[in-house]
Participant: 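The following block contains the structure, expressed as structure tokens.
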Amino acid sequence: MRRIDLLAKAAQQRREFDLQQEKIAKTIPPGVQRIRGIAGSGKTVLLAQKAANMHLRHPEWDIALVFFCRALYEQMQLQVDHWLRAQSNGQVRYVDARHRIRILHAWGSKDQPGFYRTVAEHLGIEPMNVGHVKSISRGSVSSPTGGVVLSARELLAEADRRGLDVQMFDAVLIDEGQDLVDDDEALKYDGRQAFYWLAYRSLRPVPQEEPLLGEPAEPVEELKRPRRLIWAYDEAQSLDNLTIPEGGKLFGPELHRILNVGVTYRGGIGKSEVMRVCYRTPGPILVAAHALGMGLLRHEGTIARLANKRDWDRIGYKVDGDMRTRGPITITRPPEHSPNLIARLDPSPLIDFQTYSSRAQELEALARNVRYAVEVDGLSLDRQLIICLGRPGDRAIEAVFTALRREGLNVYVAGNQRGNVPPARDWREQNRNGFRLPDHVTVTNVVRAKGNEADLVHVVGLDEVAAQEGSVTMRNQLFVALTRSRGWVHLSGTALPASFEEEVRAVLASGEQITFRLSTAKRNLTDQDDEDDAVSA
């Protein structure tokens, strides 16, 4: 059976949401809410539905739906439009609601205001750009995350210096929340993560309920009054930093204790939700992504770790073994936590892993694989995605583009205005929001790929990870790339070190069950906000 037919068969039995997720999407918390979800669990769709539901129930509210990667603009707008129509019987569209639901990239630019820029202009303060960031930081801040966090810190400082009121929204929903925190203590504002503190300060406090009997309670200090800040994240997808967006780090310990009293709000609305079901990526690919991302079978010991069975359960795994010792541990992903049926319908390996002696050979094979997927498997070019691992420069993307065009394939480089042109360096030829064109295969780096997906993902340049295989962020790149797939992956690299190649092949041979030994890791993925009685989906 062709892969396109397998996808059609799987789609007939797909459920986009379970009941717990639908509850999260349709309820409105009267304060902060944290949503921790693994890749492919539907966080972006859930936040879009939540924003649409808020608008339909409270059309007077000003709502900001914020995200990190500009390539998500179109997807966000389509999702919000879909849920507005679905929940209003077609009466409300995004075009009718966009004056109240602001879909905003975290930073923003002159041609497309983002969250930071919108707040700055609301305060009458000139927004910072990349040049300002380089000047203020003396070149020490170079990452997109660092730039937006530094900008938020400076805006807060200026607003407080002038005594300005930052409030302008009734709800702020943040997607890709792991990309909006920074490890650098110097970028914090008053000991808090600057971007989140700006988001919190931009919110109007939730109106307090009047007491039924007696005198009103003592007035609550302004900053301690609850506000609707909702953030979703997956710490395994961090590419620039290792900080987990926990409440204590975002708001400071005192305010976090006040905001986080109790597990639920009135009516059973959770303050902390955990989404363990992955709808996008088939189980074997997700298990391989976690195992390679964390280095579970790495000869020198794990790169990242989860400290106990509860933590593994919260990302959808069953654990056998005693995690208090260094004895063997076996993790298994149950089918109910990976309902994508491709793994049940296709008996062949879902990840095809190949190594080559040169980049030229790797790219020749890539072109053959892309064409084969079109002509034999029925997967059109726009159902495929090519991700180049490594630094975000254009050299690898340009090499892939050249190899595919040489074979007569239509290619779209993410971020360009047009198809079949190499990475554009002239801003007039760029479209920072662009990610896909009909009948073109998209070529991108990992950063732009985040939040997007495809039926078949070609991951090239695995040697870039192998060269820095002890790096948490490089391992996270591999995790993100693999989890963009809805069906299959072609994974390739050149001249891999024997130990790394053995690790990859051992992981792929393990399927949906991995046995490993605990060891000291560079990163502990245990989230301190995950209390024992947090709600899980």
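Just so it is clear, the structure is predicted and the values come from calculations on it, not from any experiment.
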Participant: Could you tell me whether Glu453 atom CD has more than 12 heavy atoms of other residues or ligands within 6.0 Å of it?
Facilitator: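 Yes, CD of Glu453 has more than 12 neighbouring heavy atoms, counting only those of other groups under 6.0 Å.
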
Participant: Taking side chain as C-beta onward, heavy atoms only, is Asp352 less than 4.5 Å from Leu491?
Facilitator: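 A side-chain contact under 4.5 Å is absent here.
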
Participant: Does the Asp81 side chain pair with the main chain of Tyr94, one donor and one acceptor, at a distance under 3.5 Å?
Facilitator: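 The answer is yes, because a donor-acceptor pair under 3.5 Å joins these two groups.
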
Participant: Let me confirm one number: the OG-CG distance from Ser380 to Asn410, rounded to the nearest 0.5 Å.
Facilitator: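 Going from OG on Ser380 over to CG on Asn410, the span is 11.5 Å.
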
Participant: Taking the side chain from Thr483 and the backbone from Val480, do they hold a donor-acceptor pair closer than 3.5 Å?
Facilitator: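 Yes, Thr483 side chain to Val480 backbone: donor-acceptor pair under 3.5 Å.
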
Participant: How far does OH of Tyr317 sit from CD of Glu512, to the nearest 0.5 angstrom?
Facilitator: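 Here the interatomic distance stands at 9.0 Å.
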
Participant: Give a yes or no answer on whether the side chain of Lys309 reaches the backbone of Gly321 with a donor-acceptor pair at less than 3.5 Å.
Facilitator: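 Pair found, side chain donor or acceptor close to backbone of Gly321.
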
Participant: So, taking the atom named CG in Leu306 and the one named CD1 in Ile329, what distance separates them when rounded to the nearest 0.5 Å?
Facilitator: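 Going from the CG atom of Leu306 to the CD1 atom of Ile329 covers 12.0 Å.
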
Participant: List the steps, then state whether salt bridge (Lys or Arg N to Asp or Glu O under 4.0 Å) holds for Arg436 with Asp382.
Facilitator: CA-CA 7 Å; Arg436 207 179 302 271; Asp382 49 19; over 6 Å; no

Participant: Which is it for His290 and Phe479 under the ring-ring contact (aromatic ring centres under 6.0 Å, His included) test, yes or no, and what are the steps along the way?
Facilitator: CA-CA 7 Å; His290 275 125; Phe479 174 87; 5.0 Å; yes

Participant: Can you tell me if Ser338 uses its side chain to pair, donor with acceptor, with the backbone of Pro334 under 3.5 Å?
Facilitator: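 No, Ser338 side chain to Pro334 backbone: no donor-acceptor pair under 3.5 Å.
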
Participant: Does atom CZ of Arg344 have more than 12 heavy-atom neighbours from other groups under 6.0 Å away?
Facilitator: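 Atom CZ in Arg344 is crowded, with more than 12 foreign heavy atoms closer than 6.0 Å.
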
Participant: Considering only NZ, NE, NH1 and NH2 on the basic side and carboxylate oxygens on the acidic side, decide whether Arg298 and Glu469 come within less than 4.0 Å.
Facilitator: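 Salt bridge present between Arg298 and Glu469.
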
Participant: Begin from the C-alpha positions of Ser492 and Glu362 and carry the test side chain to side chain donor-acceptor pair (under 3.5 Å) through to its verdict.
Facilitator: CA-CA 7 Å; Ser492 64; Glu362 182 184 17; 2.6 Å; yes

Participant: Heavy-atom count around Arg418 CZ within 6.0 Å, excluding the residue itself: above 12?
Facilitator: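 Open.
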
Participant: Carefully, step by step, assess Glu398 and Arg395 under the rule salt bridge (Lys or Arg N to Asp or Glu O under 4.0 Å).
Facilitator: CA-CA 5 Å; Glu398 192 155 358; Arg395 188 182 306 170; over 6 Å; no

Participant: For His82 and Val80, indicate whether the former's side chain and the latter's backbone hold a donor-acceptor pair under 3.5 Å.
Facilitator: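 It does not hold such a pair.
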
Participant: Verify, without hydrogens or angle tests, whether Gln384 (side chain) and Leu379 (backbone) share a donor-acceptor contact under 3.5 angstrom.
Facilitator: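 Yes, the answer is positive, given that a donor and an acceptor are paired below the 3.5 Å cut-off.
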
Participant: Working to the nearest 0.5 angstrom, can you tell me the gap between Thr442 OG1 and Phe435 CZ?
Facilitator: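 Output value for this atom pair is 5.5 Å.
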
Participant: Checking the side chain of His132 only, and the main-chain atoms of Asn129 only, is there a donor and an acceptor separated by less than 3.5 Å?
Facilitator: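 Yes, because the side chain of His132 sits within donor-acceptor range (under 3.5 Å) of the backbone of Asn129.
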
Participant: Starting at CG of Asn416, measure out to CD of Gln430 and round the result to the nearest 0.5 Å.
Facilitator: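 Reported value, rounded in 0.5 Å steps: 7.5 Å.
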
Participant: How far apart are the closest heavy atoms of Leu286 and Thr281, and which atoms are they?
Facilitator: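 The answer is N-CG2, 3.8 Å.
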
Participant: Is the shortest side-chain N to carboxylate O distance from Arg505 to Glu502 below 4.0 Å?
Facilitator: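 Looking at Glu502 together with Arg505, the answer is no, because their closest N to O distance does not fall below 4.0 Å.
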
Participant: For a side chain to side chain donor-acceptor pair (under 3.5 Å) check, start with the C-alpha distance between Arg34 and Tyr233, then their side-chain angles and the critical distance, and finish with the verdict.
Facilitator: CA-CA 8 Å; Arg34 183 189 66 120; Tyr233 72 99; 2.6 Å; yes

Participant: Ignoring hydrogens and geometry, is there a side-chain-to-backbone donor-acceptor pair from Asn340 to Arg280 under 3.5 Å?
Facilitator: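 Judged by distance alone, yes, a pair lies under 3.5 Å.
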
Participant: Charged N to carboxylate O under 4.0 angstrom, Asp455 versus Arg486?
Facilitator: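 Yes, Asp455 and Arg486 are salt-bridged.
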
Participant: Before accepting this row, confirm whether a basic side-chain N of the pair Asp179/Lys450 lies closer than 4.0 Å to the acidic partner's carboxylate O.
Facilitator: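 So Asp179 pairs with Lys450 through a salt bridge.
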
Participant: If you measure from the Lys or Arg side-chain nitrogens to the Asp or Glu carboxylate oxygens, is any gap between Arg3 and Asp5 under 4.0 Å?
Facilitator: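 Here Arg3 does not pair with Asp5 in a salt bridge, since their nearest N and O are not under 4.0 Å apart.
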
Participant: Side chains of Gln193 and Asp182: do they bring a donor and an acceptor to under 3.5 Å?
Facilitator: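 Side-chain D/A pair, Gln193 to Asp182: absent.
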
Participant: Quick one: closest heavy-atom pair of Asp234 and Ala39, and the distance?
Facilitator: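 Distance-wise, the nearest heavy atoms are OD2-N, 3.2 Å.
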
Participant: I'd like to know whether Thr494 forms a side chain to side chain contact (heavy atoms under 4.5 Å, CB included) with Ser357, so could you lay out the CA-CA distance, the side-chain angles of the two residues, the decisive distance to 0.1 Å, and finally the verdict.
Facilitator: CA-CA 5 Å; Thr494 64; Ser357 59; over 6 Å; no

Participant: Could you go through Gln112 and Arg70, starting from their C-alpha distance and side-chain angles, then the distance that decides it, and tell me whether this counts as side chain to side chain donor-acceptor pair (under 3.5 Å)?
Facilitator: CA-CA 10 Å; Gln112 194 159 40; Arg70 285 189 62 166; 3.2 Å; yes

Participant: Check the side chains of Asp346 and Trp488 for a donor-acceptor pair under 3.5 angstrom, ignoring hydrogens and angles.
Facilitator: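 Their side chains do contain a donor-acceptor pair, which is all the 3.5 Å distance test asks for.
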
Participant: Give a yes-or-no answer on whether the side chains of Thr302 and Ser519 include a donor-acceptor pair shorter than 3.5 Å.
Facilitator: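 A pair is found: one side chain offers a donor N or O, the other an acceptor, under 3.5 Å apart.
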
Participant: Nearest 0.5 Å, please: how far is OG1 in Thr145 from CG in Asp184?
Facilitator: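 So the gap between those two atoms works out to 12.0 Å.
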
Participant: With a 3.5 Å distance limit and no angle check, can you tell me whether Tyr73 reaches the backbone of His105 through a side-chain donor-acceptor pair?
Facilitator: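 Yes, because the side chain of Tyr73 sits within donor-acceptor range (under 3.5 Å) of the backbone of His105.
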
Participant: Salt bridge check: are Arg475 and Glu503 linked by an N-O gap of less than 4.0 Å?
Facilitator: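 Salt bridge between Arg475 and Glu503, a charged N being under 4.0 Å from a carboxylate O: yes.
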
Participant: Do Lys43 side-chain atoms and Ile38 backbone N/O form a donor-acceptor pair below 3.5 Å?
Facilitator: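 Yes, because the side chain of Lys43 sits within donor-acceptor range (under 3.5 Å) of the backbone of Ile38.
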
Participant: Check the pair Asp463, Arg359 against salt bridge (Lys or Arg N to Asp or Glu O under 4.0 Å), reporting the backbone distance first and the verdict last.
Facilitator: CA-CA 10 Å; Asp463 44 285; Arg359 187 73 70 209; 2.6 Å; yes

Participant: Answer yes or no: does atom NZ of Lys134 have more than 12 heavy-atom neighbours from other residues, nucleotides or ligands under 6.0 Å?
Facilitator: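 Not buried by this count: 12 neighbours or fewer within 6.0 Å.
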
Participant: Report yes if the distance between the aromatic ring centroids of Phe195 and Tyr116 is under 6.0 Å, otherwise no.
Facilitator: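 Phe195 vs Tyr116: aromatic centres not under 6.0 Å.
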
Participant: Looking at Val489 and Ser485, what are the two nearest heavy atoms and their distance?
Facilitator: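 What the structure gives for the nearest pair is CG2-CB, 3.7 Å.
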
Participant: Test salt bridge (Lys or Arg N to Asp or Glu O under 4.0 Å) on Asp313 and Arg276 and set out the steps.
Facilitator: CA-CA 8 Å; Asp313 173 74; Arg276 59 162 64 90; 2.5 Å; yes

